[in-house]
There are 2 protein chains.
Amino acid sequence: MSADPALRREIPDATVARLPEYLRTLSRLAEDGVLSVSSEELAAEVGVRSAQLRKDLSHLGSYGVRGVGYDVETLALEISRALGLTEDWPVAIVGMGNLGHALASYSGFVTKGFRIVGLYDDDPALTDERIVGIAIRPLAELSADHAVDPIAIGVIATPAPAAQAVCDALVGAGISSILNFAPAVLSVPSGVDVRRVDLSTELQILAFHAQRKSLAAGDLQSAVVAQ
Amino acid sequence: MSADPALRREIPDATVARLPEYLRTLSRLAEDGVLSVSSEELAAEVGVRSAQLRKDLSHLGSYGVRGVGYDVETLALEISRALGLTEDWPVAIVGMGNLGHALASYSGFVTKGFRIVGLYDDDPALTDERIVGIAIRPLAELSADHAVDPIAIGVIATPAPAAQAVCDALVGAGISSILNFAPAVLSVPSGVDVRRVDLSTELQILAFHAQRKSLAAGDLQSAVVAQ
DNA sequence: TCCTGTGAACAACTTCACAGCA
DNA sequence: TGCTGTGAAGTTGTTCACAGGA
């Protein structure tokens with residue numbers, strides 16, 4: 001008998017990827033004083049089908065009321081719990097160039113569940129600068145810092161060539177969740193979780209679709225040319 | 001008869017999402033002087049299965065040689081063509097806070113196919129500042145700029161509350177590809193393509209998996225507690 | 001009656017395994 | 001022989017449609 005059935009079940013990856021969106025929307029509704037939503041309404045806000053939303057939520061447990069809908073606050077809490085946001089996750093950022101600076105001062109960071117505990121960069125010009133009250137320190141000190149005050153998630157915001165070495169340092173220190181902003185594939189031992197956020201990949205996907213659109217628009221024309 | 005059969009076929013979304021990764025890796029190999037790769041080797045570099053790689057590439061056409069592998073340069077060119085990177089995509093960034101600054105000076109931007117043509121922000125304190133040689137101007141001027149020198153892709157780097165209004169302005173100006181960094185769901189008319197990059201969603205997904213790991217590690221303990 | 005929760009049908013994607021060509 | 005390209009099988013994710021409880 002487990003304290004939390006939601007955590008016992010297998011939650012599909014596709015569902016996990018959507019939960020943050022549901023949570024964000026529910027938080028906004030709660031701020032607006034909305035007490036209850038139907039799957040139809042919430043799905044419309046988030047931009048998914050209501051059946052999808054209901055199936056997703058069914059993986060967490062049964063928190064809706066038939067004929068009525070979902071209590072906004074309860075559902076937000078249950079999603080937070082499923083995602084593990086009821087505890088605090090200490091985050092360290094490595095690489096304090098433009099992007100690192102932007103990430104450190106990004107307000108959304110602090111919002112819920114995440115707390116920046118360390119900023120690292122080996123450039124002496126940056127060392128000891130303070131951002132949001134935290135000093136930038138050499139990467140070599142991360143391991144000792146982690147031993148004193150554990151880091152749960154490491155964020156890599158360095159240029160691509162440095163990323164693997166930084167990653168190795170993080171893994172070596174015992175950190176097993178990594179968010180990588182560098183355009184590089186990282187190799188890590190099994191058990192370590194890496195997610196990548198990449199601007200240029202996203203731009204290229206947009207370019208692909210933009211190209212399709214312009215080809216479709218010019219179809220008649222190119223058909224003539226091709227004759 | 002079309003000039004480019006790759007563009008006629010349907011390429012699955014999942015494949016399109018991986019093409020940029022293949023391209024990046026091939027470019028690196030080309031720089032290192034590698035002339036030819038097998039699907040096995042390339043897949044290992046990218047971190048996918050070789051069968052997946054071959055199936056993905058088969059959607060573009062047949063550019064490999066049986067018994068040998070793929071010519072690195074040819075394959076890179078064909079992927080570039082499929083993604084539409086043989087033409088140049090003019091990009092505008094709206095919202096020049098920390099993130100906008102970081103994006104504007106991000107070198108990966110210029111690499112291939114993308115070129116920043118405009119930076120916009122309504123904060124008078126920022127207006128006329130120059131980044132990478134481009135002046136920051138009020139959003140109201142975007143539409144006129146677009147008419148003179150077209151913008152293909154709009155990047156939204158504003159806070160969430162401003163995102164929808166900025167999006168409406170971009171769409172109103174006739175831009176139909178948008179990359180959104182604000183943590184907000186945008187509603188757009190059909191035909192407009194929005195992709196979102198969101199730090200906190202990624203962190204929350206990491207937190208979910210980290211939580212699973214720590215639960216699994218503490219399983220024996222919690223089993224005892226649950227009795 | 002209304003809206004949730006879910007089995008069943010369907011669609012997309014991945015992996016397997018091998019035919020076929022250099 | 002060696003590696004690509006691809007049908008077929010297997011897996012995962014989505015949508016439908018309705019049973020069932022408030």
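Below, chain A is the first sequence line, B the second, and so on; all start at residue 1.
Minimum interatomic distance between V72(B) and L26(B) (heavy atoms only, all atoms of both residues): CG1-O, 3.5 Å.
For S58(A), whose side chain is taken as the heavy atoms from C-beta onward, the closest listed nucleotide among dC13(C), dG5(D), dG5(C) is dG5(C).
Side-chain atoms of K213(B) come within 3.5 Å of backbone atoms of S176(A) as a donor-acceptor pair (strictly under, hydrogens ignored).
What separates CG of D71(A) from C1' of dC3(C) is a distance of 15 Å, to the nearest Å. Note: NE2 (H59(A)) to C1' (dT12(D)) measures 11 Å, nearest angstrom. A straight line from CG of L42(B) to P of dC3(D) spans 14 Å, rounded to a whole angstrom. One atom, CG of D56(A), and another, C1' of dG13(D), lie 10 Å apart when rounded to the nearest Å. Here the C1' atom of nucleotide dT6(C) and the CG atom of L57(A) are 13 Å apart, to the nearest Å. A straight line from CD of E40(A) to C1' of dC2(C) spans 12 Å, rounded to a whole angstrom. The CG-C1' distance, from L53(B) to dT14(C), rounds to 13 Å in whole Å. The nearest whole Å value for the distance from the OH atom in Y70(B) to the P atom in dC21(C) is 16 Å.
Counting heavy atoms from C-beta on, the side chains of L42(A) and T25(A) come closer than 4.5 Å.
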Q: Can you check each nucleotide of nucleotides 15-22 of chain D against protein heavy atoms at under 4.0 Å and return B for base, S for sugar-phosphate only, - for none, in 5' to 3' order?
A: BBB-BBBS

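Taking 4.0 angstrom as the limit, Y63(B) places none of its side-chain polar atoms (N or O) nearer than this to OP1 or OP2 of dC3(D). Look at S62(B) and you'll find a side-chain N or O under 4.0 angstrom from OP1 or OP2 of dG5(D). Checking the phosphate oxygens (OP1, OP2) of dT4(D), a side-chain nitrogen or oxygen of S39(B) falls inside 4.0 Å. Phosphate proximity of dC3(D) to S38(B): absent, as no side-chain N or O sits under 4.0 Å from OP1 or OP2.
Ion pairing of D198(B) with R24(A) is present here, as a side-chain N (NZ or NE/NH1/NH2) and a carboxylate O approach within less than 4.0 Å. Salt-bridge formation is detected for the pair E78(A)/R81(A): a Lys NZ or Arg NE/NH1/NH2 atom is positioned less than 4.0 Å from an Asp or Glu carboxylate oxygen.
Side-chain N/O atoms of D168(B) and Q164(B) include a donor and acceptor closer than 3.5 Å. Side-chain contact annotation: S177(A) with D193(A), donor-acceptor N/O pair under 3.5 Å absent.
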